[in-house]
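Atom set for the values below is all heavy atoms of this structure, side chains included, hydrogens, waters and symmetry mates excluded. Throughout, a chain's letter reflects where its sequence line sits, starting with A, and its residues are numbered from 1.
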Amino acid sequence: MYSDDFKFVDTHEWVKVDSDNVVLVGITHHAQELLGDLVYVELPKVGSHIKAHDVIGVVESVKAASDLYSPIDGEVIQVNNEVTADPTLANTDPHAKGWLIKVKLADVSQLDNLMSADEYKALIGH
Amino acid sequence: MQQTALYNAHLASNAKMVPFANWQMPINYGSQIKEHEAVRNDCGMFDVSHMAITDISGAQAKEFLRYLLSNDIEKLEKFGFGKALYSAMLTPGAGVIDDLIVYYTEFGYRLVTNAGTYEKDMKWLDAVSPNFKVTKTMRPDLSIIAVQGPNAIAKVSVLKPDLAQGLNALKPFTALVINDWFYARTGYTGENGLEIMLPGERAEQFWNELLDVGVTPCGLAARDTLRLEAGMNLYGHDMNETTNPMECNMDWVVDLSDSLRYFIGRDEYVQYKTNGARYIQVGLILEGKGVLREGQIVYDMDNNEIGIITSGTFSPTLKVSIAMARIKPIAQQQAYVDIRGSLEPVRLVKLPFVRNGKQVCGISK
């Protein structure tokens, strides 16, 4: 579930290197489990510059709304239109098809400060 | 934290348990949307044993309840034993203390009240009852299983073949009483179905039998989306002690027809009604982006604040966000809701949104 090629933040987003300085960002399996059936996802616009810890969107389930926090600094170069059209993708496949945004990193070394899979598993008590 | 007699049955069905009104209750068994759909299209069941059952007997049981309740139990007798009535208990200021169902029974009357209001309800009954010759008997020995959906009565009939005829003949808001088992054709989903009160020690076996005939276990989360689509109030959200029945679509449960019947809250209710309601309850359908939630503010077309959302969610049946709101009466059918700083358009509709599996309010999109 939480494999070693992913990095995590304590607001329950994940980061995975896609190519060189480009990463994919999504919400974790644990986050989608807490939220339940997702019904609405609002993502930042392509071209927008985002900063770590900023609220960049919202993920809403039937029962609750949850802010989406940026885990890193960078520029949004793509958003997953499939997940905005069908938010349940982030329930059924949160770490792959349910990715949310693709970001060109401002500083690749920032990834070193994020949690490893083991650290994240410890955080959520797995 | 209390557990119902079905606690182990919930765990066996992989329920996610959450604290609710001092009870450990199932919120879902995996997907609340699938549970919701099971109730709309087939049959689901809910453990609602956290709700409080109080039997009222004694020489003045009727007088007591005619004084305590806004609706008039006088009209139950002509239907015979098992007839049910939805009512409110009001404060002297005509705020809603709780909503409840009262049944007319062979032993007197049975009240089913909310779990979240248990302590204050009991205090209120204790405060009002000393002036009447009545006996109140709490029934924590009973469990309640709500079996709801178009196939609900058929499924229960499979398990209780001797009662099939009686169950199929039950009219809405009537109950079939067989010894300690009480089969009421009532519910909180907008579908046909039964709320079955039964001895707690029999609850797990009956729950498992229902599972075996294909009834889907459903949690509190699905119960909330179902009742919201059905336009039914949730105490503490859509109404409370500061809400007049006129402000939460509960004026139909205040019965003024017997001018000689004084009940608690009557004078203030009549006064409020005479002056004209300052607020009304409406349904909202979101036409903009996002999800409507409790606490969001409603604005009219001229940007004046007119009220607040009391319950909001995403409707699994309509596939759009819906809400119940308490607003000042306005002539327009359009308004705006502030969703995290963005004013999103909503359409005002008459409740309910869904009845018997079908949409009953128009959707313009």
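Other residues, nucleotides and ligands contribute only 12 or fewer heavy atoms inside 6.0 Å of the CG atom of D20(A). For CD of E119(A), the number of neighbouring non-hydrogen atoms (other residues, nucleotides, ligands) closer than 6.0 Å is greater than 12.
The shortest non-hydrogen separation linking L38(A) to A90(A) is CD1-CB, 3.6 Å.
Contacts between K16(B) and chain A at a heavy-atom distance below 4.5 Å involve the side chain alone, from C-beta outward. Only the side chain of V58(A) comes within contact range of chain B, judged by heavy atoms closer than 4.5 Å. Only the side chain of T225(B) comes within contact range of chain A, with heavy atoms under 4.5 Å apart. The part of E42(A) that comes within reach of chain B is its side chain, from C-beta onward, which places non-hydrogen atoms under 4.5 angstrom from that chain. In this structure, the portion of S61(A) lying under 4.5 Å from any heavy atom of chain B is its backbone and not its side chain.
Contact tally against chain B (heavy-atom pairs below 4.5 Å) for N91(A), D37(A), T88(A): the top residue is D37(A).
Between E229(B) and R355(B) no salt bridge is recorded (no basic side-chain N to carboxylate O distance below 4.0 Å). Taking 4.0 Å as the cut-off between side-chain N and carboxylate O, E60(A) and R340(B) count as a salt-bridged pair. Between E191(B) and R40(B) there is a salt bridge, with a side-chain nitrogen of the basic residue lying less than 4.0 Å from a carboxylate oxygen of the acidic one. Between D73(A) and K104(A), none of the side-chain N atoms (NZ, or NE/NH1/NH2) sits under 4.0 Å from a carboxylate O, so this pair counts as no salt bridge.
Side chains of D118(A) and S116(A): a donor-acceptor N/O pair is absent below 3.5 angstrom, by distance only.
The closest donor-acceptor contact from the side chain of S321(B) to the backbone of T313(B) lies under 3.5 Å.
Residues of residues 291-301 of chain B that come within less than 4.5 angstrom of chain A, heavy atom to heavy atom, are V291(B), R293(B) in numerical order.
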